[in-house]
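Contents: one structure, followed by commentary.
Throughout, a chain's letter reflects where its sequence line sits, starting with A, and its residues are numbered from 1. Here the structure is a predicted model, which is why all the values come from computation and not from measurement.
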Amino acid sequence: MSKVDQLNTGRVGNVKILGRKILLSEFFVLYLTVFYLLVLFPFIPRVFSPYNIKNVLSNTWPLLVIAIGQTFVLITAGIDLSQTSVMALSSIFGAVIMTSEADPALLSKSPLWGIMLSDKGGLFAGTSAALPVGLLVMMAIGIMIGLINGFSVAKLRMPPFIVTLVSQMFFAAVAIWLSKSENIRHLPESFSRLGRGNFGPIPIALIIAVIIAVSAHLLMSRTLYGRRLYATGINPRAARISGVPTTKIIIAAYALSGFCAAVGGILYSARLEQGRPTLGNTLLLDIIGANVIGGISLAGGKGKVLWTVFGVVFFIFLSNTLNLLNLKFFVIDIVKGLVILLAAILDVVRSQLALRYSGGKV
Amino acid sequence: MGIKLKFNNIQKHFFGVTALDGVSFEIEEKHTVGLIGENGAGKSTLMNILGGVLLPDGGNMSLDGDAYLPSNPRDAAQRGVAFIHQELNLFTNLSIAENIYINSFPSLKKTPLIDKKKMNDSLKSLLKSLDLNYSPSTTVENLAPGERQLVEIAKALHSDAFLIIFDEPTTSLTARETEKLFTILDQLRSEGRTIIYISHILGEVKRITDDVIVLRDGKVTGNSETGLIEIPEMINQMVGRESDNLFPERSAKPKDSPILEVKSLSQPGIVGNVDFSVHEGEVLGVFGLMGSGRTEMARMLFGVDTYRSGSISIDGTPLPRNSPQSSIERGMAFVTENRREEGLLMNVAITENIGLVSLPDYCRNLVKWVDAKRMNEEAGIIGDSLKLKASDIRRQPAMSLSGGNQQKVVIGKWLMTKPRLLIMDEPTRGIDVGAKYEVYSIMDRLAADNSGILFISSEVEELIGIADRIVVMSQGEVVKVFEKKDFDVTALMAAAFREAVA
Amino acid sequence: MKDRNWQRFILKNTTFILFVLLFLIFGILAPRFLSFKNLEIILSNSSYIGIIAVGMTFVLLTGGIDLSVGSTMYLSAVSSGTLIAAGWPIAPTIAVSLLIGIAMGYVNALIITRLKIVPFLATLVTMTVGRGMGLFVTKSVQVDFPDSITLMSTVKVFGFIPLQIFIFGLVVILAMVFLRLTKSGRQLYAVGNDPLAAERAGIQTRPLITSTYVISGFFAALGGFISITQIGRVSAGFGSGDEFDAIAAAVLGGASLMGGVGSVFPGTVLGTVMIQMIQAGLVYTAVDIYLHPIVMSLIIFFAVLLDSVRTGQLKKMERRTIMKITS
């Protein structure tokens, strides 16, 4: 321990050190979540009921997957506003491939009618190939949109904000155009199981989310790509001179973001049992907010999957408890906004503290 | 009219390094004074103190007998001192007039509006006197570099500056623009202004100044009337610094087989027809002043920047353009001149910095799993061999190190790749004597292992101390190549200054 | 050298060239598009989003962004609706709603300049909180406005200029005068061009940046009011998404997200009118309404792409030379 710590004898000193340790800990957001729940528990005991926990968890999985995708892009000092449109477009395409029945009254005006869609359903209606093809196409759409974003940012040197904003507008519009604003129902049972079903006692969505979180964690912390991703986010010029193919790294980050958004789209569509052209259009705040609360920096170079996990968990519990308190949705939005702001302020404070206590001269 | 300036025992230190060590001299009013010295001699520091950019640690200054200690450039401007930096300080999206009036716009009667007419009219004669034939409402973006310089001068004149500092004003000017600038300098002198003129081009100094002040290692080593001193004498006063650098004995001789061959490398406006080669076991020095094109050339060699024509080959095979990655694969390494911006990941652990380039060598299987344990161990070994002073190199971020140790991290990161050709751009700048010696030893060791080293420096003594041959660059071209037997400080300097030595 | 000048001209006037091209294409495909009535409708439809885009231009000029304008519109509109329902006269109601806009802008500025939160995140938060507060006021019920308000949209100033176009014009002129002819306006450009150099030159950057967010908030409230006079009611989604249209208009008009580049006139006005013109043109040429946003986003993408090419090219032209040029 440093001299400062030794000098701070006495209880006040100890409390201070403990406070600082908690504040600077990796698990800070987790502690905060636990603390928050313990404080609220006496007022809303229902929060720990099995039903509520199940509800909270089922909300966690898709958001977690999407937020992790965003983390990759944030680490490169970019931002991906198009994730919500990826969800919508992949939802529509998946449904168009898998649906077993389409109502001509609703969908015959779709440009896909007669090509991929008819009253007998989608391209692979009723076949056993429907599910795998549907899933593959959904994921491919996410990756493709991500590649377009990444190429525009890294190769064409366009600002990430405007690139992904435009692609959000564009692909959201495409999703609505293709479906003429209609939801597409009659998806195969095997598909909706992904969102609602269990594998033994464990929800399938959980398994998918955990697989993605663990792979993303390993990718970021243990592989060549991960190391190079951080280097690119921290100092792109130094990274390039050190042989890091920064352009490819950035493009890959956007592709991963698109992929994760598509998987999130799969989980949501499966839960809703429909392809929905407006899927995710209110989710942007939650995605960015969860990342910011977790401590992922918008300035790039800083973030971990674990932090995103904590951020998502905190964010979901926050929404859930506010719901249980019977607050109106707009009050919930106000609180969410303020919490994100507090998190951002706290992050500024934490980085300053961390700098002071770890970067001391030799 | 005119300002008489006096420096008295000015001191300045940066992080323990002495930049100015008791500088004292006087400048007579209405004189044009040349300020010369090698890079790092303290010219910029002294002028930054005069211009209010830096505060001195000790000593004092006076203007016309009154104490003078500006705490910012505006203070300096109010006392009639203007500093025209090498990097111009203009807002390119604003007009000439707006740049000049940025903080003192004239208002139209009693409205909050700018009196554009008054503003523009008031400048017409000024711009004309500078032979800048544009309307004052022209956007700076549309001006050539030389014309922008004139805008800076107009700014200084408009603020009634009677002492104007020019820092390397001709480096980005064409020959014609340079002539024009000299005419204007003459004119300023005839108006009774005092001018300090910093330049590496001694012919210019000789031609236009009344007095010459020479700085070396933060001290004044020469102060005389320009008419009484010839260029070789100026060079003598600039060099011959007390060499505190010790150099290791070179342990092996260079071989005949070339590693790097550069043939007529050209990029318009930057470098022209550069030819040279680096052999196995050779330390090839590249000497040139700042802005001579040496850094730009190094960046082209390594593939950071592109070039128009010519060829670069390693071990006889041409190197692809514009790809640092393939340069690294071919065994090249590049220690850049600015370790903060291009060398280090400041808030990342030391071992990870050292391992960054070699990461692919520590990867297994398809997903490129990094063997962090092995990488950290080997990075640790490199750190030890460099005598890196750190308490915990696996946790401690690079920014917590001293300058010399940071530089060792950058070098370590390239040593880990076992480079065939190491390019080092000013590797000893801003580090202490002990660390310098260690950097030289690393070069010697690498050369003894048959690697080639391209050592770029603006300190001629260290090149003489360690290099096998020295290439001198000036204005984007190779002026001369010196063999070891011909090494001579004055001759090298003269070549870099493009002066004929008598 | 002449080629370069041509290049420069095209690069610098992409929006204008695009505007003229589109105008001609629509005019040829649908001659009715060129009717005076249609042009008036285009201008009239441009007014409210144009006013907001003018405010956005100020923010973009300093390198910032304001995502909260849509929520500011909503919050100030529902506040004025509530006050009118409570029997307030129109004039003080308008004043209050504009003050709310100013307050929102000031809060943004405080978060950005004092708490050092990046503009994107700061205004994302105020966007959420602002709309939440608006919904809190209305309990998410639609607010209807009396005829006294809606009739304002039929008022013709000087007997021939519709009120909304008149106000839009006034806003544009004021903003133009401010940006081009006042000390603060010119310093704003300096700050956007090089914030550090601006501070070195002794420019007070913080009050300048604060003023841009206040102006943006004020114009958002004003734009919101203009919009009310045209549609007469405020639903829960009022103004939502308008922040992106405003950003798009400014960017289409040549404003850079990096700051320092952009103008209210012709720039942002051209961008705004162009967006409305494209929408009208697509209607006249009977393009599927679902395709409108697709075409629109493609055009914006194209404009931004040209902008990044332009910035790259201009930078290249400014590279300093090392070799002596003997001429």
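- For the atom pair CD1 of A:Ile79 and CZ of C:Phe120, the computed distance is 3.0 Å after rounding to the nearest 0.5 Å.
- With chain C as the partner, the residue from A:Ser181, A:Gly289, A:Ala299, A:Ala172 showing the most heavy-atom pairs under 4.5 Å is A:Ser181.
- The structure places CD1 of A:Ile148 at 8.0 Å from CZ of C:Phe301, a figure rounded to the nearest 0.5 Å.
- Using a 4.5 Å cut-off between heavy atoms, A:Ile345 contacts chain C through both its backbone and its side chain.
- Both the backbone and the side chain of A:Ile162 come within contact range of chain C, each with at least one heavy atom under 4.5 Å from a heavy atom of that chain.
- For C:Ile289, no part lies under 4.5 angstrom from a heavy atom of chain A.
- For the ring-ring contact (aromatic ring centres under 6.0 Å, His included) test, no residue two or more places apart in sequence or in another chain qualifies with C:Phe19.
- The candidate with the highest count of non-hydrogen atom pairs below 4.5 Å against chain C, out of A:Val339, A:Leu341, A:Ile340, is A:Leu341.
- Summarising the geometry, atom CZ belonging to A:Arg157 is positioned 9.5 Å from atom OG belonging to C:Ser308; distances are rounded to the nearest 0.5 Å.
- Here A:Leu156 contributes atom CG and C:Leu306 contributes atom CG; the two are 11.0 Å apart, rounded to the nearest 0.5 Å.
- In this structure, no portion of A:Leu284 lies under 4.5 Å from any heavy atom of chain C.
- Neither the backbone nor the side chain of C:Ser256 comes within less than 4.5 Å of any heavy atom of chain A.
- Contact annotation for C:Val118: only side-chain heavy atoms (C-beta onward) come within less than 4.5 Å of a heavy atom of chain A.
- Within residues 103-117 of chain A, no residue has any heavy atom closer than 4.5 Å to a heavy atom of chain C.
- Taking 4.5 Å as the heavy-atom cut-off, the residues of residues 327-336 of chain A that approach chain C are A:Phe329, A:Phe330, A:Val331, A:Asp333, A:Ile334, ordered by number.
- For a residue to count as touching a neighbouring chain, one of its non-hydrogen atoms must lie under 4.5 Å from one of that chain's; by this rule C:Leu257 touches chain A with the side chain only.
- Of all residues in residues 240-253 of chain C, those placing a non-hydrogen atom less than 4.5 angstrom from a non-hydrogen atom of chain A are C:Phe244, C:Ile247, C:Val251.
- Contacts between C:Ile117 and chain A at a heavy-atom distance below 4.5 Å involve the side chain alone, from C-beta outward.
- Separation of atoms CG (C:Asp288) and CH2 (A:Trp177) is listed at 7.5 Å; rounding is to 0.5 Å.
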